[in-house]
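As structure tokens, the structure follows; a few thoughts come after it.
Heavy-atom basis, side chains included; hydrogens, waters and symmetry copies ignored.
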Amino acid sequence: NIIKPLGMDNSFYILSEDKNPATGYKGNGNAIKGKHEIIPDMASGGLWTTPTDIAKFVIETQLSYSGKSNKILSQQTTKTMLTPYIDKNSAFGTFIYKKGNTDYFQYAGNGEGFGSFYKASIEGGKGVVIMCNSRDRDIITEIFFSIGQVYQWDGFSKKNQ
């Protein structure tokens, strides 16, 4: 319902060590035994994907929100998905943050030996997806702030923190 309509051709679910697509690394530089941890609950950690494929999801969310696409969700459902419901930041499957006059949706994931992060403007077409085969969040943060500085995302550079 999501992967095929968005052309996420490099995304799939696995449960075993048979198809180790990537090797995760500990903070000391040693590889994770078996290349990655096996997560029996595939919905919460069994998706293997690429930054490009996650970007397809992010872009579709932005387009759907603005009424320009409905490959997976209607505009109304997308707006509901991006509306905080528990507190000012917690929405359905994502978190909402305001920086200046811009609302962003984001999500970060961690697993043994892996880290990922995306942040995108709800309107305006800005976005970034970062993945690495280390759980070290510092590298993801550094890359994010560097992108913010180079592309002049208001408020997203080290000097603003």
Side-chain angles (χ1 to χ4, degrees), residues 1-13 21-22 24-25 27 39 41-161:
N1 292 329
I2 295 172
I3 292 171
K4 285 184 181 180
L6 295 185
M8 296 171 66
D9 298 327
N10 295 303
S11 298
F12 53 91
Y13 286 90
Y25 292 89
I39 301 170
D41 181 3
M42 291 186 12
S44 69
L47 177 67
W48 287 88
T49 189
T50 64
T52 299
D53 276 6
I54 292 298
K56 291 176 181 180
F57 171 78
V58 168
I59 292 166
E60 175 62 20
T61 300
Q62 292 170 315
L63 292 172
S64 179
Y65 185 90
S66 65
K68 296 177 182 173
S69 183
N70 64 351
K71 290 180 183 175
I72 56 175
L73 296 175
S74 69
Q75 182 181 26
Q76 182 176 343
T77 302
T78 300
K79 286 186 175 191
T80 299
M81 182 183 95
L82 297 177
T83 300
Y85 67 98
I86 292 177
D87 57 36
K88 68 178 186 167
N89 300 111
S90 301
F92 291 98
T94 191
F95 296 93
I96 309 300
Y97 292 95
K98 187 172 207 66
K99 202 72 156 169
N101 293 321
T102 306
D103 291 320
Y104 293 88
F105 63 105
Q106 72 178 47
Y107 190 81
N110 263 336
E112 185 64 31
F114 296 94
S116 64
F117 173 79
Y118 74 75
K119 181 183 284 269
S121 58
I122 292 176
E123 297 179 281
K126 292 181 181 179
V128 62
V129 179
I130 304 166
M131 293 182 172
C132 65
N133 58 343
S134 168
R135 195 174 188 163
D136 182 359
R137 303 298 300 173
D138 292 342
I139 187 67
I140 290 176
T141 301
E142 184 68 29
I143 292 168
F144 174 72
F145 285 137
S146 295
I147 291 168
Q149 185 172 351
V150 168
Y151 290 97
Q152 300 174 356
W153 284 18
D154 188 30
F156 290 107
S157 68
K158 279 190 169 183
K159 64 183 178 185
N160 298 106
Q161 299 303 311

Applying ring-ring contact (aromatic ring centres under 6.0 Å, His included), name anything that partners F117, two or more places apart in sequence or on another chain.
F144
Applying salt bridge (charged side-chain N to carboxylate O under 4.0 Å, His left out) to K71 and not counting sequence neighbours gives none
Mind checking what makes side chain to side chain donor-acceptor pair (under 3.5 Å) contact with N133, not counting sequence neighbours?
none
Residue pairs passing the salt bridge (charged side-chain N to carboxylate O under 4.0 Å, His left out) test with at least one member in residues 76-96, sequence neighbours excluded, are none
Can you measure from OH (Y104) to CD1 (I122) and round to the nearest 0.5 angstrom?
10.5 Å
Which atom of A120 lies closest to which atom of Q62, heavy atoms considered:
CB-NE2, 3.6 Å
Test side chain to side chain contact (heavy atoms under 4.5 Å, CB included) on V129 and F57 and set out the steps.
CA-CA 11 Å; V129 179; F57 171 78; over 6 Å; no
For Q75 and G67, the nearest pair of non-hydrogen atoms, with its separation, is NE2-N, 3.4 Å
So does Y151 have more than 12 non-hydrogen atoms from other groups sitting under 6.0 Å from OH?
no
According to side chain to side chain donor-acceptor pair (under 3.5 Å), who are the partners of S121, at least two apart in sequence or on a separate chain?
none
By side chain to side chain donor-acceptor pair (under 3.5 Å), S74 pairs with (sequence neighbours left out) T77
If every non-hydrogen atom of Y107 is compared with every non-hydrogen atom of G93, which pair is closest and at what distance?
CD1-O, 3.7 Å
What is the distance from atom CG of L73 to atom CD1 of I2, rounded to the nearest 0.5 Å?
7.0 Å
When rounded to the nearest 0.5 angstrom, what distance separates NZ in K126 from OG1 in T102?
5.5 Å
For the residue pair Y118 and F105, establish whether any side-chain heavy-atom pair is separated by less than 4.5 Å.
yes
So, using side-chain contact (heavy atoms from CB on, under 4.5 Å) as the criterion, who are the partners of S146 when residues are at least two apart?
E142
Does any pair with a residue in residues 59-87 pass ring-ring contact (aromatic ring centres under 6.0 Å, His included), and if so which ones, sequence neighbours excluded?
Y85-F92
Partner set under side chain to side chain donor-acceptor pair (under 3.5 Å) for K119, not counting sequence neighbours
Q106
Measure the spacing between CD1 of I140 and CZ of R137 and express it to the nearest 0.5 Å.
4.0 Å
Closer than 3.5 angstrom, by distance alone: can the side chain of S64 be matched with the main-chain N or O of E60 as a donor-acceptor pair?
no
Rounding to 0.5 Å, atoms CD1 (I130) and CD1 (I143) come to a distance of 5.5 Å
Quick one: CG on N110 to OG on S134, what's the gap to the nearest 0.5 Å?
9.0 Å
Residues forming a side-chain contact (heavy atoms from CB on, under 4.5 Å) with A91, sequence neighbours excluded:
T94, I96
Donor-acceptor list for residues 3-12 side chains, cut-off 3.5 Å, not counting sequence neighbours:
residue	atom	partner	partner atom	Å
S11	OG	T49	OG1	2.6
S11	OG	D53	OD2	2.8

By salt bridge (charged side-chain N to carboxylate O under 4.0 Å, His left out), which residues pair with E123, not counting sequence neighbours?
none
